[in-house]
Student: 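Sharing a structure below in structure tokens format, with a few things to ask.
Along the sequence shown, residues are numbered consecutively beginning with 1.
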Amino acid sequence: MKTVRVPSRVSARSRVFDLLIAEFLDPLKAHSLFEEFLQHESYNRDFALKLISIARQRSGVPWDLRRAAILMLEHQILKLQRPSIAEYELLFDRLNLTQITANHTKRLRESVLQDGYSTTLLRPFAEEFRRRLDRLRRVHDRIKGPKTSTSALRDFIRIARRDCKLSLARYLFTSQDTVDEILTQLDITDGVRDVVTPGDPAEADIPPAADYLPEFESAILRKLCDRSEVFWVSESTSSEINSLVEYPLTTVVAVIKPPGSNVEFEIKRAGRRGDHPLGVVYVRDGYMVPPSHRLDGGSMQGLLRYETAAASRFAAVYRLIHDCDAPMPRYVSRTTIYSVPVRGGQAQVIPYFTEPRLFGNGYRGMRTAMRGSVEAFNAEDNRHLPDLPGDLGLTAQFLSQVTPAQSILCGTSSFRLDKLDEYLSIGGAEKYYRDGLGITPSKFDEKCFADELMEEILGVFRPPRIRFQCYEKYIETAFRVPENRAAANRIYVSLLREAARFWGTLMGVRGYTRGESCVARNVGLKSVWENGQWSVKIVFMDHDSMSFPGPQDRNFDARGTLGIMFLDENYLWGTTTPEIYASSTASYLRRIYRISRALESTAHEVARQSLRDAYKKTQQRLLTNPELRKFFNEDFLKRLLDWDTLVSSYLRASPEERSSARWRDNVKKMLTASGYKRAPFESYMATIQKYRAFLEKYRDLYADENEKPRGDKERRATR
């Protein structure tokens, strides 16, 4: 514990001061502010305005105290009586949220609509504003003036450290304030901006990701990306959930959660802690690692370029089809790594991997892994890299294949489904604290952890009114609170519906992800403030295996696509076996939200309809929307429905009809009429027969709009 000279007016035995001395950089200033805060049991205008002033001070007031002042301000505002519209107006003025219109009336700035509110009218905005702050009522209600318990005060201070939870921080911190604070928690080295190849059709006509963000987040993002530097996890980067800069456990990315925001930025990848931010791995746990994992702690430039192009193109296509954003992140910038952080500074990548004095301990093992990786790259590509001599030559061969790079994304979620499931299960708090953070949790820690997780998956969480004794029992009881149970059921159904729409759209453009974007470890949940209320969204991430036809593709390669679509289906819905279902995204969602079998069945029916609607809508838009058609080859679009027609005809026909010359001739004539130089009849037929079970399961996707759907007894739901 740090030594602090305590003035006579502050008792070292004060329970408040004893708590603050361990939590704040300047405990004396913190004590003065908290003492005043606890004296105001009702709203006080002068104190509220003082808190605004403190929160805005860029010098003389530490960041941690500015955050505490913001949470105190939110506490004060919640004590306002609802009819006090004049007081709200004053506060909105001081927060720079209002403007005078041309007809001399006062309204909220249009920018609040981007911030997630649905109106600029003063009174309804005040209601939504209060609703947003009310999310943390579980913390505010425990503040009882001078009689506030130590536990309640600790909870208040803990939430004050969660920048993203402080709704008003976006109006009291500047973007430069925020970037300056972010950079104190990362190591920084030199990099070179990786630009889009001129004329690349994959990324053409797609607006920059920052254009879609609210002003505050956009400004932060631009300031980070304009630096053309590389950001690395440092020893000061926290792994606590909802930190301003977080190094999520078991990952090699860093995420940034701006103050007062539900937008998350991801730095992919940000290296590993310790002496070797970048390393080389060839074998792990007795198995040869995939090519993309041989550069340990970093990303390969080629993969980042591919992922950016594929995901950005699909996001643009999705928006043109559904008139809304795809449930996936946007790719903002890429930087080629020029230097790596080393003890006392930075080293260029080539010397870092070549010179023992720069790499340090583990050099020999790294070089052995590098040689194995180079040999594997040669074998996999069926070609040989230049046989360059010496240690420098080996490094050059390796780097020519991996080219270390980093990208920044926005709209990700660190709350991946596999982690949420683990954390909400028996022993989840122990796994997070003891195994992850290396500390022994108290019951207070466990309760706070449970509250934050529940708030993330429910949007708004109402804690059970029980004394906390057991982590698992607390979560179980929390799900039985009527408001929480209703929210969990509603959100679960909405998430399955959205997942089905995402996959139905991908299937509609004849695409797949090889399961990579659908596996639970790459799917996350995110609570968002949208249209004046809290909701929960699903986010599909890691699109380095996403593929669908582009301007150069004239035909649908059914043979090469169906089996890979099958992988997406299994990772998303797990329809093959009960064991596979247990590890699917759908099953993770059922466990996370503790869903009954009856609701699960209903939700899968909803998802099935959403899947069909998305698939049909995608086809209709592909045939009619000129902007959308620019992303595809004209021949591909002309032949879009040929596959559906063939599949539908095959599934409707009896075995005798399929074997008849008449049926086969009719199908061949249809394909020939579509302009195929070599009619793909035999290839298509072989593919249909091989994947008949899959196609039967989704036959309503391929059926004509006028074809009568089968009844529930004739088909299975998505599961």
Student: Taking all heavy atoms of Ser442 and all of Arg154, pick out the closest pair and write down the distance.
Tutor: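 Closest heavy-atom pair between Ser442 and Arg154: OG-NH2, 4.5 Å.
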
Student: Would you sort out whether Leu25 and Trp63 count as a side-chain contact (heavy atoms from CB on, under 4.5 Å), showing the intermediate values?
Tutor: CA-CA 9 Å; Leu25 292 174; Trp63 185 265; over 6 Å; no

Student: Please confirm whether the ring centroid of Tyr471 lies under 6.0 Å from the ring centroid of Tyr423.
Tutor: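 Centroid separation for Tyr471 and Tyr423: 6.0 Å or greater.
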
Student: How close do Leu153 and Thr148 get, counting heavy atoms only, and between which atoms?
Tutor: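 Minimum heavy-atom separation between Leu153 and Thr148: N-CG2, 4.1 Å.
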
Student: When you look at Arg161 and Ser243, which way does the side chain to side chain donor-acceptor pair (under 3.5 Å) test go after all the steps?
Tutor: CA-CA 7 Å; Arg161 294 205 306 262; Ser243 298; over 6 Å; no

Student: Can you check side chain to side chain donor-acceptor pair (under 3.5 Å) on Ser413 and Glu264, steps first, answer last?
Tutor: CA-CA 6 Å; Ser413 174; Glu264 176 182 296; 4.9 Å; no

Student: Contact between Thr189 and Phe231 at the side-chain level, heavy atoms closer than 4.5 Å - yes or no?
Tutor: no

Student: Yes or no on side chain to side chain donor-acceptor pair (under 3.5 Å) for Thr98 and Asp93, after CA distance, side-chain angles and deciding distance?
Tutor: CA-CA 6 Å; Thr98 56; Asp93 286 344; 2.5 Å; yes

Student: Please identify each residue that fulfils side chain to side chain contact (heavy atoms under 4.5 Å, CB included) with Ser517, with sequence neighbours left out.
Tutor: Thr513, His543

Student: Could you tell me whether Lys50 and Asp46 have a side-chain N and a carboxylate O separated by less than 4.0 Å?
Tutor: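 The answer is no: the pair does not qualify as a salt bridge.
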
Student: Closest heavy-atom contact between Ser292 and Met300?
Tutor: CA-SD, 3.6 Å

Student: Have Ser234 and Ser236 got a donor and an acceptor in their side chains that come within less than 3.5 Å?
Tutor: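 A donor-acceptor contact under 3.5 Å links the two side chains.
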
Student: Would you find more than 12 non-hydrogen atoms of other residues, nucleotides or ligands less than 6.0 Å from Asn96 atom CG?
Tutor: yes

Student: Does the side chain of Lys268 reach to within under 4.5 Å of the side chain of Leu409, using non-hydrogen atoms?
Tutor: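 In contact.
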
Student: Restricting to non-hydrogen atoms, name the atom on Val253 and the atom on Arg269 that form the minimum distance, rounded to 0.1 Å.
Tutor: CG1-CG, 4.4 Å

Student: Is it the case that Ser218 and Arg222 place a side-chain donor and acceptor less than 3.5 Å from each other?
Tutor: yes

Student: If you define the side chain from C-beta out and look only at heavy atoms, does anything of Arg305 sit under 4.5 Å from Asp194?
Tutor: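 Result yes, sub-4.5 Å side-chain heavy-atom pair found.
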
Student: Look at the side chain of Lys29 and the backbone N and O of Gly60, then say whether any donor-acceptor pair between them is shorter than 3.5 Å.
Tutor: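 Indeed, once roles are kept as given, a pair shorter than 3.5 Å links the two residues.
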
Student: Minimum heavy-atom separation for Glu516 and Val519, please, with both atom names.
Tutor: O-CG1, 3.5 Å

Student: Between Ser175 and Thr178, is any side-chain donor less than 3.5 angstrom from a side-chain acceptor?
Tutor: no

Student: Apply salt bridge (charged side-chain N to carboxylate O under 4.0 Å, His left out) to residues Arg56 and Asp177 and explain how you reach the verdict.
Tutor: CA-CA 10 Å; Arg56 281 205 170 111; Asp177 284 346; over 6 Å; no

Student: Looking just at side-chain N and O atoms, do Ser167 and Arg132 make a donor-acceptor pair shorter than 3.5 Å?
Tutor: yes

Student: Check the pair Phe125 / Phe92 against ring pair (Phe, Tyr, Trp, His ring centres under 6.0 Å), numbers first and verdict last.
Tutor: CA-CA 10 Å; Phe125 176 83; Phe92 296 157; 5.1 Å; yes

Student: Between Glu455 and Leu136, does the side-chain contact (heavy atoms from CB on, under 4.5 Å) criterion hold? Intermediate values first, please.
Tutor: CA-CA 9 Å; Glu455 193 168 80; Leu136 292 179; 3.8 Å; yes

Student: Can you say whether the rings of Phe449 and Tyr432 are parallel (under 30°), tilted (30 to 60°) or perpendicular (over 60°)?
Tutor: parallel

Student: Passes side-chain contact (heavy atoms from CB on, under 4.5 Å), Ser238 versus Val245? Steps please.
Tutor: CA-CA 7 Å; Ser238 175; Val245 182; over 6 Å; no

Student: Please check if the number of heavy atoms outside Glu215 that lie under 6.0 Å from its CD is greater than 12.
Tutor: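 No - once you tally the heavy atoms of other residues, nucleotides and ligands closer than 6.0 Å, there are 12 at most.
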
Student: Regarding Gln76 and Asn44, is there a side-chain donor-to-acceptor distance under 3.5 Å anywhere?
Tutor: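 Side-chain D/A pair, Gln76 to Asn44: absent.
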
Student: Step through it carefully: locate the ring centre of Tyr171, locate the ring centre of Phe216, and say whether they are under 6.0 Å apart.
Tutor: no

Student: Under a plain distance cut-off of 3.5 Å, with no hydrogens placed, do Glu246 and Ser239 share a side-chain donor-acceptor pair?
Tutor: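 No, no side-chain donor-acceptor contact under 3.5 Å.
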
Student: Around atom CZ of Arg45, are there more than 12 heavy atoms from other residues, nucleotides or ligands closer than 6.0 Å?
Tutor: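 No, the 6.0 Å shell around CZ holds no more than 12 heavy atoms from other groups.
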
Student: Would you please indicate yes or no on a ring centroid separation below 6.0 angstrom for His75 and Phe37?
Tutor: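 Here the rings of His75 and Phe37 have centres that are less than 6.0 Å from each other.
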
Student: Minimum heavy-atom separation for Tyr352 and Val342, please, with both atom names.
Tutor: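 It is CD1-CG1, 3.8 Å.
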
Student: Please test Asn262 against Lys526 for side chain to side chain donor-acceptor pair (under 3.5 Å), starting from the C-alpha separation and ending with a verdict.
Tutor: CA-CA 8 Å; Asn262 50 240; Lys526 188 71 177 172; over 6 Å; no

Student: Report yes if some heavy atom in the side chain of Ile220 is under 4.5 Å from a heavy atom in the side chain of Glu217; otherwise report no.
Tutor: no

Student: Is there a salt bridge (charged side-chain N to carboxylate O under 4.0 Å, His left out) between Arg58 and Asp180? Walk through the geometry before answering.
Tutor: CA-CA 11 Å; Arg58 300 189 63 184; Asp180 290 344; 3.7 Å; yes

Student: With a 3.5 Å distance limit and no angle check, can you tell me whether Arg170 reaches the backbone of Gly260 through a side-chain donor-acceptor pair?
Tutor: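 Side chain of Arg170 to backbone of Gly260, a donor-acceptor pair under 3.5 Å: yes, one is there.
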
Student: Distance to the ring centre below 6.0 angstrom and angle to the axis at most 45 degrees; does that hold for Arg330 and Tyr212?
Tutor: yes

Student: Mind checking whether Val402 and Val280 have side chains closer than 4.5 Å, heavy atoms only?
Tutor: no

Student: Should Arg142 and Ser149 count as side-chain neighbours, where that means a heavy-atom distance under 4.5 Å?
Tutor: yes

Student: Salt bridge or not for Arg416 and Asp421, using N-O below 4.0 Å?
Tutor: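 The answer is no: the pair does not qualify as a salt bridge.
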
Student: Just by distance, with hydrogens left out, do Ser339 and Gln348 show a side-chain donor and acceptor under 3.5 Å apart?
Tutor: no

Student: Would you call Glu422 and Lys419 a salt bridge, using N to O less than 4.0 angstrom?
Tutor: yes

Student: Any chance you could lay out the side-chain contact (heavy atoms from CB on, under 4.5 Å) test for Asp155 and Cys448, step after step, and finish with the verdict?
Tutor: CA-CA 7 Å; Asp155 201 8; Cys448 291; 3.5 Å; yes

Student: Within the structure provided, determine whether Lys537 and Leu525 are in side-chain contact (heavy-atom separation under 4.5 Å).
Tutor: no

Student: For the residue pair Phe359 and His276, categorise the inter-ring angle as parallel (less than 30°), tilted (30 to 60°) or perpendicular (more than 60°).
Tutor: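 Correct class here is parallel.
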
Student: Check whether Phe461 forms a cation-pi arrangement with Arg138 (NZ or CZ under 6.0 Å from the six-membered ring centre, at most 45° off the ring normal).
Tutor: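 No; the conditions do not both hold, so Arg138 does not lie above the ring face of Phe461.
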
Student: Indicate whether any N or O donor in one side chain lies under 3.5 Å from an N or O acceptor in the other, for Thr335 and Gln406.
Tutor: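 There is no such pair between these side chains.
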
Student: Below 4.0 angstrom, N of the basic side chain to O of the carboxylate: do Asp163 and Arg66 qualify?
Tutor: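 Answer for the salt bridge query: no.
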
Student: Do the charged groups of Arg67 and Asp64 touch, with an N to O distance under 4.0 Å?
Tutor: no

Student: Counting only heavy atoms not in Arg94, do more than 12 sit closer than 6.0 Å to its CZ atom?
Tutor: no

Student: More than 12 non-hydrogen atoms from neighbouring residues, nucleotides or ligands closer than 6.0 Å to CZ on Phe47, yes or no?
Tutor: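 Counting neighbours around CZ of Phe47, more than 12 heavy atoms of other residues, nucleotides or ligands fall under 6.0 Å, so yes.
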
Student: Can a donor-acceptor pair be found between the side chains of Thr237 and Gln185 at a distance below 3.5 Å?
Tutor: no

Student: Heavy atoms, side chains only, cut-off 4.5 Å: are Leu278 and Arg272 in contact?
Tutor: no

